Amino acid sequence: MAPDSYVSYESPPPPIGSRRIACGRAFRLHRPQHTSRGTFMRLSRYFLPVLKETPSEAQIASHRLMLRAGMIKQASAGIYSWLPLGYRVLRRIEQIVHEEQQKAGHIPMLMPTLQSADLWRESGRYDAYGPEMLRVRDRQDRDLLYGPTNEEMITDIFRSHVSSYRELPMTLYHIQWKFRDEVRPRFGVMRGREFLMKDGYNFDLTYEDAMHAYNRHLVSYLRTYERMGLQAIPMRAESGPIGGDDTHEFLVLAETGESEVFYDSEITELTFGERKIDYESREECQAVLEEFTSRYARTDDTHVDTEFEEQVPEERRRRARGIEVGQIFYFGTKYSEPMGATVVDDQGNHVPVHMGSHGIGVSRLLGAIIEANHDDNGIIWPEGVTPFHVGIVNLKQGDEAADLACEQLYNAVVEAGLEPLYDDRSERAGAKFATMDLIGLPWRITVGPRGLKNGVVELTSRRTGESEELTPDQAVTKVAQIYAGKL
RNA sequence: CGGGGUGUGGCUCAGUCUGGUAGAGCGCCGCGUUCGGGACGCGGAGACCGAAGGUUCAAAUCCUUUCACCCCGACCA
């Protein structure tokens, strides 16, 4: 299925010409900055407020690096503005989630952030949810709430419009901002109060159908996380306030994780990889689920020492910490029954639908990815989510040969379908390298008069630090090859 | 919500104990010298010290109230 139903949120940067007028600057000495794909993304005209020192509020690596790399700015406790660089990554993650959901046959939509309290009174959760729920009142004294999740609302939509089993199975999802008034937000976007989440809801006629939806989600989540360069392990978990019987959480192993986890080390060998999957096939989805969930892997909520020892040989027992980046639930008729979401089956009976809900913490994924991908110098983006695919560093701004080579490289990279970031500032080499390392673009092309005399530029991997000298054409070709199949 | 802590230029902090009217480094602006891993020199701009009240001849500093943010715990995607 073509992932054609989502939109790109980012408009192209304002043309330099219009900025001239807006800024009242009559002249700019730069050469023309338009390419066939749009405006040059040059650092001297971008908004990338990097910090040399770490703001005192940040305790863990991802939070520290997101602040230093100019990705976010705290607006108040647990609430953040997404500055241009952070916004780019957020969008890429969002886009991967959209694509993988739609490949699995799930249908995108969008529900509001503010919900009516009446809907939540129907399910009984208005009173049950507690002070985590942000409650507001409008001018007519109506009770509203800033949604922490959307089971009630989606169930209401479903019951209003679907009445026949013939319309099932159906899975709807959206990616929307949520709010949970955590007592103690921390760790930047990993534990914010406002957060962006993909939440999806399946509607099925029978338990068996609903379990297929559950399995399908598990598969799609494995693929989603792998595309982001993450290993997220499905672990048996507690259902919490959503309720339900079957549930798995997806955890990324990291020392700064909020959950303690226990698992069989064999599980970290598993990858979904490039294999093909037919989402319609119950057998295939079921097989993947069994492959990935048969070994012991639990969060501390469901962990039992004796079972761990029985099922896992001592040398494979691992105890670690993990960041939760997603969760899938089957909860049957918990909402459909009280809220009257029924369909007519082939016998003419009105039966409540079987449901499940499935979430991916989109904004917190940035934190998780950085926790798993950084070093002392900064972030190291996996190719799948990097804000720019390659950084072009001009070591001698103003040198005619270097300037020209950089702009030609820029155009060639754009022609190859990739997005470069061109550091055209009049900084010293060290400052430019430090900035590139900090913001973590996985590939850097360094252009200087010294190399150009021999007709070469330098292509450097952020992850390994390895460099090689190539002609500009070769460098672009190589970068294009690296990204082929990863986007 | 319990316990602890911090609010001083954009950032990191000193100054508070022992009141006398605000400092440093980084960043920013200008000039010059530099220029392949966060350069150096000179000059400059920028803070009514979280807010409100009080004590005092005088408050960043002492007292009261209040707000915000951070950390530990409990809770949580």
Side-chain angles (χ1 to χ4, degrees), chain A residues 49-60 63-64 67-68 70 73-79 129-133 147-150 175-199 221 232 237-242 247-252 257-259 299-301 322-329 357-368 376-378 393-399 402 423 425-438 444 446-453 456-458 460 465 467 469:
Chain A
V50 300
L51 303 173
K52 213 164 179 176
E53 284 167 294
T54 304
S56 54
E57 72 216 51
Q59 303 297 316
I60 63 169
H63 189 193
R64 210 163 56 225
L67 291 167
R68 285 198 52 212
K73 180 181 188 311
Q74 180 166 315
S76 66
I79 302 178
Y129 216 95
E132 260 200 348
M133 178 186 282
T149 177
N150 287 67
I175 296 178
Q176 178 62 292
W177 292 94
K178 309 287 194 294
F179 196 92
R180 290 186 194 165
D181 198 0
E182 299 287 345
V183 191
R184 192 183 158 212
R186 63 184 119 172
F187 301 150
V189 299
M190 293 242 290
R191 177 86 183 274
R193 292 194 293 172
E194 188 184 51
F195 57 98
L196 187 63
M197 182 167 109
K198 170 261 163 183
D199 46 324
Y221 280 25
E238 285 284 349
S239 58
I242 309 285
T247 179
H248 282 91
E249 282 182 348
F250 288 76
L251 288 112
V252 174
E258 73 276 47
S259 314
T299 61
D300 51 2
D301 297 329
I323 301 165
E324 194 194 323
V325 293
Q327 187 160 11
I328 53 177
F329 297 96
S357 71
H358 317 275
I360 292 179
V362 173
S363 49
R364 92 169 352 204
L365 268 167
L366 273 90
D376 290 345
N377 295 325
V393 172
N394 188 344
L395 288 179
K396 188 152 188 176
Q397 201 63 37
D399 178 278
D423 189 348
R425 297 172 304 163
S426 303
E427 291 287 337
R428 298 166 66 87
K432 293 190 175 193
F433 292 146
T435 298
M436 280 294 170
D437 288 349
L438 175 62
R444 184 184 83 207
T446 309
V447 179
R450 209 169 73 190
L452 287 177
K453 277 186 190 134
V456 297
V457 297
E458 193 177 77
T460 307
S467 290
E469 295 199 328

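Values in this document were obtained by computation on a predicted structure and should not be read as measured data. A, B, ... follow the sequence lines: proteins, then strands. Residue 1 opens every chain.
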Subject >> Protein proximity profile, nucleotides 2-9 of chain B - base contact B, sugar-phosphate-only contact S, no contact -, cut-off 4.0 Å on heavy atoms >> reply: --------
Original post:
Residues in salt bridge (charged side-chain N to carboxylate O under 4.0 Å, His left out) with A:Lys178, at least two apart?
Top reply: A:Asp199
Subject >> Partner residues of A:Asp399 under the side-chain contact (heavy atoms from CB on, under 4.5 Å) criterion, sequence neighbours left out >> reply: A:Lys396, A:Ala401, A:Ala402, A:Pro449
Original post:
Listed by chain and number, what are the side-chain contact (heavy atoms from CB on, under 4.5 Å) partners of A:Gln74, not counting sequence neighbours?
Top reply: A:Glu57, A:Tyr80
Original post:
What is the nucleic acid contact for A:Ala429, judged by heavy atoms within less than 4.0 Å: base, sugar-phosphate only, or nothing?
Top reply: sugar-phosphate
Original post:
For B:C72, does OP1 or OP2 lie under 4.0 Å from any side-chain N or O of A:Arg186?
Top reply: yes
Original post:
Expressed in angstrom and rounded to an integer, what is the separation of A:Asp181 atom CG from B:C76 atom P?
Top reply: 15 Å
Donor-acceptor contacts under 3.5 Å from residues 187-196 of chain A side chains, at least two apart:
residue, atom, partner, partner atom, Å
A:Arg191, NH2, A:Glu182, OE1, 3.1
A:Arg193, NE, A:Ala77, O, 2.8
A:Arg193, NH1, A:Asp181, OD1, 2.9
A:Arg193, NH2, A:Ala77, O, 3.1

Under 3.5 Å, N/O pairs linking protein and nucleotides 26-33 of chain B:
residue, atom, partner, partner atom, Å
B:G27, OP1, A:Lys52, NZ, 3.4

Original post:
What is the nucleic acid contact for A:Gly448, judged by heavy atoms within less than 4.0 Å: base, sugar-phosphate only, or nothing?
Top reply: base
Original post:
Partner of B:G73 by Watson-Crick or G-U wobble geometry, both contacts under 3.5 Å, or none?
Top reply: B:C1
Original post:
Can you tell me how far P of B:C13 sits from CD of A:Glu57, to the nearest Å?
Top reply: 11 Å
**OP:** Report which part of the nucleic acid A:Gly361 touches: base, sugar-phosphate, or nothing (heavy-atom distance under 4.0 Å, all strands).
**Re:** nothing
Original post:
Taking only residues two or more places apart in sequence or in another chain, which ones pass side-chain contact (heavy atoms from CB on, under 4.5 Å) with A:Ala368?
Top reply: A:Ile323, A:Val325
**OP:** Classify the nucleic acid contact of A:Asp437 as base, sugar-phosphate or nothing, counting any heavy atom under 4.0 Å across all strands shown.
**Re:** base
**OP:** Remember a base hit wins even if backbone is also touched, and classify A:Gly465 as base, sugar-phosphate or nothing at under 4.0 Å, heavy atoms.
**Re:** nothing
Original post:
Just how far, in rounded Å, is P of B:G37 from CZ of A:Arg425?
Top reply: 15 Å
**OP:** Please list, chain by chain and in numerical order, all residues satisfying salt bridge (charged side-chain N to carboxylate O under 4.0 Å, His left out) with A:Arg425, sequence neighbours excluded.
**Re:** A:Asp423
Original post:
So what does A:Ser363 touch, heavy atoms closer than 4.0 Å: a base, only the sugar-phosphate, or nothing?
Top reply: nothing
Original post:
With both distances under 3.5 Å as the test, what is the Watson-Crick or G-U wobble partner of B:C57?
Top reply: B:G20
Subject >> With A:Ala434 via side-chain contact (heavy atoms from CB on, under 4.5 Å) - residues at least two apart >> reply: none
**OP:** Indicate, with a heavy-atom threshold strictly under 4.0 Å, whether A:Gly130 touches base, sugar-phosphate, or nothing.
**Re:** nothing
Subject >> Main-chain N/O of A:Pro148 paired with A:Tyr129 side-chain donor or acceptor, under 3.5 Å >> reply: no
